[in-house]
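Below: the structure, in structure tokens.
From a predicted model like this one, the values you see are computed outputs, not experimental measurements. Quick note on labels: first sequence line is chain A, next is B, and so on, each numbered from 1.
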4 protein chains.
Amino acid sequence: MLIVMKSTSKETEVQQVMDLIVDMGLTPLPVPGSLRTAICITGNKGTVDEGRFLQLNGVKEVIRVTKPYKLVSREVKAEDTVIEIGDVKIGGDNPVQIIAGPCSVESEEQTVEVASALKEMGISLFRAGAFKPRTNPYDFQGFGKEGLTILSHVREKTGMKVVSEVIDTESVSIVYDHVDILQVGTRSMQNFSLLKKLSKLDKPIMLKRGMSASFEEWMNAAEYVMMGGNHQVILCERGLRTFSQHSRNTLDLSVVPLVKSVSHLPIIVDPSHGVGRRDSVRPMARASVACGAHALLIEAHTHPEKAYSDKAQTIDMEALKAIMRDVDVLGELEQIVV
Amino acid sequence: MLIVMKSTSKETEVQQVMDLIVDMGLTPLPVPGSLRTAICITGNKGTVDEGRFLQLNGVKEVIRVTKPYKLVSREVKAEDTVIEIGDVKIGGDNPVQIIAGPCSVESEEQTVEVASALKEMGISLFRAGAFKPRTNPYDFQGFGKEGLTILSHVREKTGMKVVSEVIDTESVSIVYDHVDILQVGTRSMQNFSLLKKLSKLDKPIMLKRGMSASFEEWMNAAEYVMMGGNHQVILCERGLRTFSQHSRNTLDLSVVPLVKSVSHLPIIVDPSHGVGRRDSVRPMARASVACGAHALLIEAHTHPEKAYSDKAQTIDMEALKAIMRDVDVLGELEQIVV
Amino acid sequence: MLIVMKSTSKETEVQQVMDLIVDMGLTPLPVPGSLRTAICITGNKGTVDEGRFLQLNGVKEVIRVTKPYKLVSREVKAEDTVIEIGDVKIGGDNPVQIIAGPCSVESEEQTVEVASALKEMGISLFRAGAFKPRTNPYDFQGFGKEGLTILSHVREKTGMKVVSEVIDTESVSIVYDHVDILQVGTRSMQNFSLLKKLSKLDKPIMLKRGMSASFEEWMNAAEYVMMGGNHQVILCERGLRTFSQHSRNTLDLSVVPLVKSVSHLPIIVDPSHGVGRRDSVRPMARASVACGAHALLIEAHTHPEKAYSDKAQTIDMEALKAIMRDVDVLGELEQIVV
Amino acid sequence: MLIVMKSTSKETEVQQVMDLIVDMGLTPLPVPGSLRTAICITGNKGTVDEGRFLQLNGVKEVIRVTKPYKLVSREVKAEDTVIEIGDVKIGGDNPVQIIAGPCSVESEEQTVEVASALKEMGISLFRAGAFKPRTNPYDFQGFGKEGLTILSHVREKTGMKVVSEVIDTESVSIVYDHVDILQVGTRSMQNFSLLKKLSKLDKPIMLKRGMSASFEEWMNAAEYVMMGGNHQVILCERGLRTFSQHSRNTLDLSVVPLVKSVSHLPIIVDPSHGVGRRDSVRPMARASVACGAHALLIEAHTHPEKAYSDKAQTIDMEALKAIMRDVDVLGELEQIVV
């Protein structure tokens with residue numbers, strides 16, 4: 001249930017609502033929003049007597065929330081959430097962003113080379129993994145802390161904002177110190193302890209969909225982050241595990257319009273992992289933008305053939321330029337057809 | 001193996017190649033194409049001695065075909081196949097076509113009403129099912145032959161070309177008589193007897209991907225049609241059956257660039273069945289075109305709420321107009337960015 | 001809805017019920033059963049006025065059928081269906097049967113050799129495919145009619161009963177002439193025209209589950225056969241298509257107890273296709289029987305390495321003997337633990 | 001690569017082998033085993049010069065390991081691993097164990113009541129969750145530490161050994177203190193940081209298969225635990241996420257014989273989560289044992305209707321007794337048929 005306050009309500013009135021919720025043995029969750037003040041009630045089994053709230057001063061209306069996830073839902077917050085990372089904005093009607101870079105952080109020289117090339121092309125968000133979750137324990141597991149230091153140097157030298165994966169609770173604080181957006185990978189989408197820890201941060205979380213996660217499980221995972229107070233969540237579709245073997249995963253673009261209908265959070269797409277084939281990245285990037293994605297996450301490298309991991313799906317700078325042109329033109333399309 | 005003839009080769013030289021193949025106990029399959037004359041050899045286990053062909057008059061080159069499907073493959077025919085239905089062209093660089101109409105043929109009045117509305121909007125291809133394959137034997141199974149008669153009237157009255165499903169070998173000839181494109185539904189993709197019968201027709205076949213068909217199985221199903229002599233095959237992606245339940249099926253757009261890379265056949269997308277939700281049809285139609293689909297198959301109705309079947313995914317004329325505008329603008333995009 | 005007649009009811013009273021159903025614009029389907037006479041009403045949208053039936057002479061009770069499939073359901077027929085093929089019985093509390101043989105009919109000599117070996121071991125049901133549905137059109141498609149003739153010889157020479165697949169409506173009558181049980185393959189489970197034709201035969205139909213069929217779709221496919229009058233349906237689980245690639249399919253044994261709970265029809269398992277690996281056939285055969293399967297369908301050969309198709313999953317006579325011993329002992333277990 | 005020492009080899013000779021491996025820039029992993037001393041080499045890209053080892057004193061032979069997982073594989077350790085928890089043994093030819101209890105730890109009274117009832121029936125291993133990973137953040141998350149205290153009381157009062165889930169690295173040490181086997185749940189199978197931490201413990205780890213994990217990913221997850229030095233791993237199949245919705249998951253029993261062929265580790269089955277329906281637990285338990293499972297993990301309760309979670313799949317004591325009888329008789333079968 002959602003208690004919406006009048007625009008003229010006072011802080012003491014808001015507090016009164018919070019107190020009543022606590023008195024009823026339930027949990028109040030304030031919902032941030034520039035347009036209105038609202039408090040979400042959670043923890044109830046069955047219905048809550050809405051009359052008790054309607055008679056309080058400053059209460060405008062009481063809305064029943066039908067979804068199991070609350071803060072994620074448009075029922076609780078109608079307007080689009082826009083994530084701001086410095087000057088860069090993701091979500092709402094802002095232009096589509098491209099987040100690009102190699103799969104893994106490599107040597108400092110190599111990593112800065114790629115980042116500089118991207119920067120020069122007009123890209124503001126750099127991605128690269130320092131901690132790599134690997135199926136086989138004997139495979140390269142990323143450069144870890146050393147990789148994070150390299151990412152810091154990239155930030156300093158290029159002014160780019162950096163996205164990198166956090167794979168466990170132990171490394172949350174060190175990753176936090178070196179990056180601008182913390183990525184939760186597909187294998188960690190239901191690592192609830194990790195989500196709870198990230199829910200206490202003041203930096204955006206990019207939450208990849210689990211490779212076999214239902215839509216509802218994904219929204220609930222985002223709710224874990226928001227419930228703890230971190231409302232800066234970016235959802236990222238990266239393909240499902242299905243019987244179909246011609247592509248690395250089966251990219252499920254149908255979630256893009258669904259997320260936009262059900263939630264106010266930004267939704268972005270990772271076509272690189274979604275298909276796993278270099279020659280399909282551009283067409284799937286176009287498709288992603290055409291159905292409404294707020295940003296693209298793309299594995300790109302100045303020398304794809306030298307990439308430490310995910311070579312087969314990493315594109316070069318020329319291919320990335322083509323995608324940037326596509327995105328621009330599709331942006332104009334958006335203006336024409338809406 | 002593919003025997004490519006010189007552009008100056010004579011008919012007798014082609015015949016000589018055919019005869020040699022038969023002498024070797026194998027099967028020759030002529031490959032149509034405006035640009036070159038070629039004969040595909042099938043039925044061989046292991047390799048064939050290419051020297052015996054290279055020494056024949058008129059033979060330009062001998063190409064090894066690596067895929068299990070031959071005629072479907074670009075290895076055998078490099079240039080795009082364009083399907084012509086009257087003035088309408090599907091495939092190659094032709095503008096994206098929209099094939100629209102209700103799920104089922106309904107009353108004559110209703111069906112003609114929908115068709116006329118579509119015609120007026122500039123749509124040339126009408127879809128509606130007369131024979132409906134239904135999971136439950138007690139559900140409405142379509143109007144059958146009566147429905148085909150109604151489709152013939154639609155053709156006469158509107159001049160539109162008509163697509164309808166053929167569900168068994170018995171009805172192939174009657175469906176052939178009333179429609180311009182015969183659709184093979186997802187449940188029939190591996191009904192090999194049906195495919196063989198359709199391979200003898202001189203009308204185009206629209207082959208929907210089986211709901212759990214691998215890419216290779218789908219290409220092989222098309223090969224069944226082409227092997228019998230019918231080279232007018234249109235491939236249609238309509239979504240996969242996966243664990244994911246938020247959409248009716250999981251639309252696998254990654255096949256669009258893959259088909260275009262591997263095969264010369266046109267590839268179209270059915271976003272209506274792909275997602276099964278009215279409000280997602282337009283974004284997925286845009287995505288389909290953005291990644292390269294040659295046409296869209298869309299369930300549309302003047303009164304979606306009155307549709308006999310698939311109500312939830314049937315859009316109205318206004319929504320279809322929006323898609324048509326999208327397609328036009330994306331067509332212009334294509335010209336800008338290529 | 002199901003109208004159950006009193007045990008003392010007369011034929012004229014049954015006819016009166018049938019007539020009333022027809023008068024109401026609905027379709028009566030008599031339900032065979034040694035224990036009671038009943039008529040199932042189908043074709044109704046919404047509820048039927050049961051009072052009109054209860055006041056007729058000879059009517060004992062009126063039962064609402066909740067499932068979309070009627071004749072398949074235990075709601076309509078409570079007692080187990082037992083299929084009799086000569087002396088052999090499949091279903092109910094009868095001992096578990098083994099249906100064995102090569103994937104394809106091969107030369108007459110070879111086929112008779114395998115059959116004789118099986119016969120000698122005490123097996124009464126022989127399986128072998130004459131018509132083979134093959135993904136690739138250039139692969140061996142079975143010996144067809146010639147294969148059926150060989151199967152007839154097997155019947156004559158060994159006295160075994162024969163199971164073979166029917167892949168299209170055209171060949172129903174010739175397959176019918178040569179075999180004792182007609183098998184519907186996984187790709188044909190929703191070939192409704194085929195099912196309707198088989199529904200008119202007086203021989204048992206073995207209906208394999210589609211590789212991506214839901215439980216309900218499978219039950220409805222059986223209903224297509226029963227609705228036409230053929231109540232001799234044997235259900236066969238053969239594995240699902242899933243993301244999991246270590247086995248050819250993912251054998252879903254959980255359907256065995258579910259079928260037995262929901263339906264009166266016999267349920268058998270094909271562990272050979274289910275796993276596709278020779279060394280896993282025996283353990284999965286044991287598991288199938290342990291959870292209640294009425295019979296096993298097993299690919300076996302005197303010389304598995306010479307089998308025309310499905311070599312990797314075909315077991316030899318020694319391995320089959322081990323399974324027969326397992327089945328015997330599990331049969332005794334059944335008696336001890338029930 | 002695996003270096004196998006002669007039975008007469010001395011410790012200094014083993015050390016010499018270890019030193020050489022380190023000198024070569026690779027990592028030596030000693031392989032425990034009563035029958036032989038061996039050292040596994042990991043970390044190599046490409047082949048290692050085996051001659052350098054063969055010429056060392058005490059080296060018997062050098063074996064190439066073909067699988068990406070090493071310590072898990074029978075190539076490295078041929079004899080079955082048997083896990084001993086007090087007097088109870090899981091694995092090898094030991095009798096099938098039953099691990100039973102409620103989904104969650106409940107009140108102390110309730111939990112002890114269930115445990116005592118199980119103990120009286122002859123069950124030695126108790127399962128119950130203190131930390132519950134829940135999809136929805138507002139659902140009951142288990143009693144946590146308080147729940148572990150209750151489990152300790154169960155151990156003291158009944159003498160049973162206790163299994164409970166560990167969901168994050170933070171709680172590893174406290175869970176370790178209160179239980180005998182630490183369970184890794186399906187959502188954590190690729191929580192590599194957790195696996196690494198568990199690899200340092202001296203208590204057995206029960207590793208559930210991820211709901212969409214391939215066989216190889218599962219084996220590699222076990223390798224993470226073994227690589228760190230904890231060789232006491234029990235593998236547990238609990239069903240896959242597939243398109244099929246009639247059961248909660250699709251129980252993949254085909255892994256049982258496959259694990260036994262590829263690995264020396266014990267393999268157990270959880271039919272409760274596998275099917276999610278009370279009435280299917282017994283048949284699937286029988287099937288699991290019939291195909292070779294070393295133990296069963298079953299949700300059971302003295303009052304299933306009062307269970308805090310997973311009510312629908314929790315069986316009562318009577319049903320559990322029936323399974324125990326089944327297991328006994330199947331054990332005798334084993335002796336007869338082998």
Residues B/V275, A/L258; criterion side chain to side chain contact (heavy atoms under 4.5 Å, CB included); working and verdict: CA-CA 10 Å; B/V275 288; A/L258 185 58; over 6 Å; no
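A donor-acceptor pair shorter than 3.5 Å cannot be found between the side chains of A/H246 and B/S214.
Heavy atoms closer than 4.5 Å to chain B are found in the backbone of A/A213, but not in its side chain. Of the atoms belonging to A/R248, not a single heavy atom falls under 4.5 Å from chain B. Heavy atoms of B/V256 lying under 4.5 Å from chain A are absent altogether. Looking at A/R241, the atoms closer than 4.5 Å to chain B (heavy atoms on both sides) all sit in the backbone: N, CA, C or O.
Listed options A/P257, A/G292, A/G274 were ranked by heavy-atom pairs under 4.5 angstrom with chain B; first place goes to A/P257. Contacts with chain B were tallied for A/G239, A/C291, A/A285; A/C291 has the most, counting heavy-atom pairs under 4.5 Å.
Annotation: side chain of B/S254 is not in contact with side chain of A/S280 (no heavy-atom distance under 4.5 Å). Between B/T242 and A/T250 the shortest side-chain heavy-atom distance does not fall below 4.5 Å. Between B/S244 and A/L240, some side-chain heavy-atom pair lies under the 4.5 Å cut-off. Within the 4.5 Å cutoff, no side-chain heavy atoms of B/L251 are placed close to those of A/D252.
Surrounding NZ of A/K89 are at most 12 heavy atoms belonging to other residues, nucleotides or ligands under 6.0 Å away. Residue-environment remark: CD (A/E305) exceeds the threshold of 12 foreign heavy atoms within 6.0 Å.
Side chain of B/R286 to main chain of A/A290: a donor-acceptor pair is present (N/O by atom type, distance under 3.5 Å, no hydrogens or angles).
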